[in-house]
**Student:** 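Would you mind keeping the following structure in view while I ask a few things?
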4 protein chains.
Amino acid sequence: MNDRSNSRDTRDLVFAATLAAFAERGFHGASMRDIAKRAGVVSSNVYHYSQSKSDLLVELLKKANYDHLNAVEWALSAAGTAPAERLHTAVGAYVGYIVDHPLEALVAHSELRYLGEDDRKRLVVARDRLESIFENIVDEGVRTGAFTTPHGHGATRAVLTMCSGVAQWYRSDGPLTRDEIAAQYADYALGVVGAC
Amino acid sequence: MNDRSNSRDTRDLVFAATLAAFAERGFHGASMRDIAKRAGVVSSNVYHYSQSKSDLLVELLKKANYDHLNAVEWALSAAGTAPAERLHTAVGAYVGYIVDHPLEALVAHSELRYLGEDDRKRLVVARDRLESIFENIVDEGVRTGAFTTPHGHGATRAVLTMCSGVAQWYRSDGPLTRDEIAAQYADYALGVVGAC
Amino acid sequence: MNDRSNSRDTRDLVFAATLAAFAERGFHGASMRDIAKRAGVVSSNVYHYSQSKSDLLVELLKKANYDHLNAVEWALSAAGTAPAERLHTAVGAYVGYIVDHPLEALVAHSELRYLGEDDRKRLVVARDRLESIFENIVDEGVRTGAFTTPHGHGATRAVLTMCSGVAQWYRSDGPLTRDEIAAQYADYALGVVGAC
Amino acid sequence: MNDRSNSRDTRDLVFAATLAAFAERGFHGASMRDIAKRAGVVSSNVYHYSQSKSDLLVELLKKANYDHLNAVEWALSAAGTAPAERLHTAVGAYVGYIVDHPLEALVAHSELRYLGEDDRKRLVVARDRLESIFENIVDEGVRTGAFTTPHGHGATRAVLTMCSGVAQWYRSDGPLTRDEIAAQYADYALGVVGAC
DNA sequence: CATGAATGAGAGTTCATTCAT
DNA sequence: GATGAATGAACTCTCATTCAT
């Protein structure tokens with residue numbers, strides 16, 4: 001009855017439950033019993049799949065951050081060299097990931113601060129790499145005159161903040177499709193850097 | 001010795017401590033003892049100034065939301081009628097408030113979700129009015145052709161999200177002045193709506 | 001109703017309950033709920049009187065160790081200079097304390113090991129001073145030929161171990177009085193060091 | 001590969017681990033996972049070798065108590081009839097066992113109290129027999145005038161307590177050999193009963 | 001106005017133990 | 001013989017809150 005596929009299933013259930021609980025109530029607002037109940041197990045059993053509540057968050061964020069990074073890098077690998085095109089592609093992929101994984105993006109964005117310093121430092125590596133990708137694109141655009149903003153760094157940060165906000169309102173039953181949202185935000189981003 | 005001005009001081013200390021605690025640890029992560037310790041009082045004494053932990057948050061957010069709204073309305077009352085100018089002014093005031101009150105803005109943005117439905121509904125009134133101010137400006141700009149974005153509603157939301165993000169990184173000892181930041185974000189906003 | 005004397009009473013009740021619980025079940029075997037129940041309070045209230053379970057033990061042992069030390073020093077201050085008389089007096093006082101406070105002596109002897117290193121180090125200071133008192137008496141006796149044992153150090157340890165054992169069997173309704181027991185053990189001790 | 005000798009090995013590992021764990025942390029302070037980890041197995045596997053944690057302790061104490069008893073009886077079977085010689089021999093063997101098996105002696109002495117009444121009653125049989133051996137020797141010595149103590153019963157108890165204490169400080173890398181320690185304690189014992 | 005004592009609920013976590021594989 | 005999954009009870013400790021003084 002409790003074969004290997006079943007235990008893999010339980011593990012997945014636990015992490016899915018964790019994600020839902022953290023997204024709905026926040027890290028401190030969600031209890032281990034909340035999580036266990038959502039996963040249909042007893043709370044002590046959650047500790048077979050992670051060492052602590054913090055560890056659950058770490059596991060979640062590790063995957064989310066790297067997946068987010070990979071999504072953008074993968075998209076860029078098929079893009080040309082023009083900064084405008086690259087920014088459009090990068091923002092589209094960035095927002096696309098958020099629309100595909102709104103809970104992950106929401107939790108990654110808002111609960112990271114509740115981790116201890118060590119875990120946090122290791123986790124921001126992926127996030128920092130993601131930011132530097134955008135930074136480089138914007139810098140290149142500014143250098144070549146494709147983007148007219150005099151504040152490349154600030155503009156990059158503004159773009160990423162703006163995009164991350166999608167996780168806060170996106171509902172899958174909303175009026176806009178994933179690609180429409182991605183395209184709109186890509187346009188907004190070009191506006192921010194002055195590529196119009 | 002314990003005259004009214006003294007108790008007024010304590011009251012202020014308590015709310016300042018609450019703000020700091022919620023900003024640093026979040027609503028659920030901050031305890032009443034945290035708050036009391038920061039204010040230099042005993043935790044049961046906090047209950048002389050509010051009925052509950054939730055009530056502390058409500059008081060904080062009520063003031064923050066209305067102050068934010070008022071700051072924008074006051075600035076607009078001195079602005080002309082051109083949509084671009086009005087948007088520039090509104091965004092500048094919106095960001096200006098955040099720079100002036102980063103903790104309030106941070107807490108208002110991220111902890112509202114932890115209130116009960118009734119409190120939340122009453123509080124979002126001010127926020128909704130603030131959003132509709134921007135909405136109206138953008139609509140007018142689109143109508144008159146001053147703004148070229150085909151997605152006025154989405155652009156407004158993007159602008160506000162982008163601006164709210166300032167609360168997450170602003171430090172008073174950073175390299176940019178309050179007005180420089182406000183001006184930059186006003187420019188970004190004009191870019192988003194296609195006013196360049 | 002909850003006046004100062006009452007709260008002092010509660011504090012005493014809590015520590016008396018702690019002593020009984022640790023004596024009966026050991027440090028790890030006794031739970032905070034055990035202790036609270038014996039004291040007639042709710043378990044969270046125990047934390048008003050100590051910071052942790054370990055802290056309860058520390059407080060208990062601190063008092064017990066210093067009381068034990070003081071009892072011996074006080075008795076010796078009225079004794080003469082002959083090693084045999086001094087040893088008789090010291091052992092009598094040492095055992096007398098144990099008979100008067102068997103639970104304290106039992107817990108101090110058997111639960112010290114469960115404390116963290118820092119607390120333990122600070123607590124053994126009193127115990128070490130007590131041991132060195134006996135050490136010095138025995139050394140003096142050996143030096144002057146009053147005691148014939150060739151193993152003064154080992155004999156001292158044997159004497160103290162032997163005496164500490166009283167805590168394990170003494171019952172106040174037993175056949176022997178406090179002073180009879182003390183006198184017997186004083187005699188045993190003289191036998192161990194070869195003072196007969 | 002997993003033949004009988006191998007499982008015998010595992011069994012021994014488990015009981016050795018149990019002994020070490022109980023000696024270091026006490027019965028209640030040691031967990032089944034502690035024990036299993038020390039033995040290099042998984043905790044559920046420990047239940048192949050005993051029915052419960054209490055049962056582990058029972059098995060340990062059963063063997064320790066009978067071995068201790070046998071060591072003393074065996075030594076006495078080669079001794080003469082003089083009470084002094086017999087006491088010297090008995091104490092030497094008693095302490096010799098402790099030096100040879102300090103962990104067993106320590107656990108047997110300090111953790112017996114945590115067993116249920118039934119198990120405890122069955123286990124103290126061996127201990128009581130051991131005590132009565134000493135009791136008889138001392139009684140005989142007192143009767144014949146070889147021992148001058150007027151408190152034979154108390155002296156016996158004092159001797160045994162004193163000897164049991166060896167388990168608390170003995171380290172195999174200490175300055176004294178097994179036989180030196182045994183001889184010293186035999187001398188102390190003769191001093192206690194007044195055989196000098 | 002301010003405090004310390006008190007409480008019941010619930011937090012995260014560990015426990016000994018069982019069982020199917 | 002050995003494992004990992006699972007459980008329910010219990011653990012230490014913290015929580016928000018109340019109340020008499």
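The sequence lines fix the lettering, A, B, ..., with proteins before strands; numbering per chain opens at 1.
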**Student:** Mapping A:R33 and B:G40 to their closest nucleotides on DNA chain E, which lands nearer the 5' end?
**Tutor:** B:G40

**Student:** Mind checking A:S31 for me? I need base, sugar-phosphate or nothing, with any heavy atom below 4.0 Å counting as a touch.
**Tutor:** sugar-phosphate

**Student:** Looking at the side chain of D:V42, which of F:dT7, F:dG4, E:dT17 is the nearest nucleotide?
**Tutor:** F:dG4

**Student:** Report the nucleotide, chosen from F:dT7, E:dT7, F:dT17, that has the shortest atom-to-atom distance to any side-chain atom of B:M32.
**Tutor:** F:dT17

**Student:** Could you state the NZ-C1' distance from B:K53 to F:dT18, rounded to the nearest angstrom?
**Tutor:** 17 Å

**Student:** Applying salt bridge (charged side-chain N to carboxylate O under 4.0 Å, His left out), can you list everything that pairs with B:R122, at least two apart in sequence or on another chain?
**Tutor:** none

**Student:** How close or far is atom C1' of E:dT21 from atom OH of D:Y47, stated in whole angstroms?
**Tutor:** 19 Å

**Student:** Using a cut-off of 4.0 Å on non-hydrogen atoms, how would the nucleic acid contact of D:A36 be classed: base, sugar-phosphate, or nothing?
**Tutor:** nothing

**Student:** Is the phosphate of F:dA2, meaning OP1 or OP2, less than 4.0 Å from a side-chain N or O of D:Y49?
**Tutor:** yes

**Student:** Between A:N45 and F:dA5, is there a side-chain N or O to OP1/OP2 distance below 4.0 Å?
**Tutor:** no

**Student:** Donor-acceptor pair, A:N65 side chain versus A:L123 backbone, under 3.5 Å?
**Tutor:** yes

**Student:** Give a yes/no answer on whether the side chain of C:T10 brings an N or O atom under 4.0 Å of OP1 or OP2 in E:dA6.
**Tutor:** yes

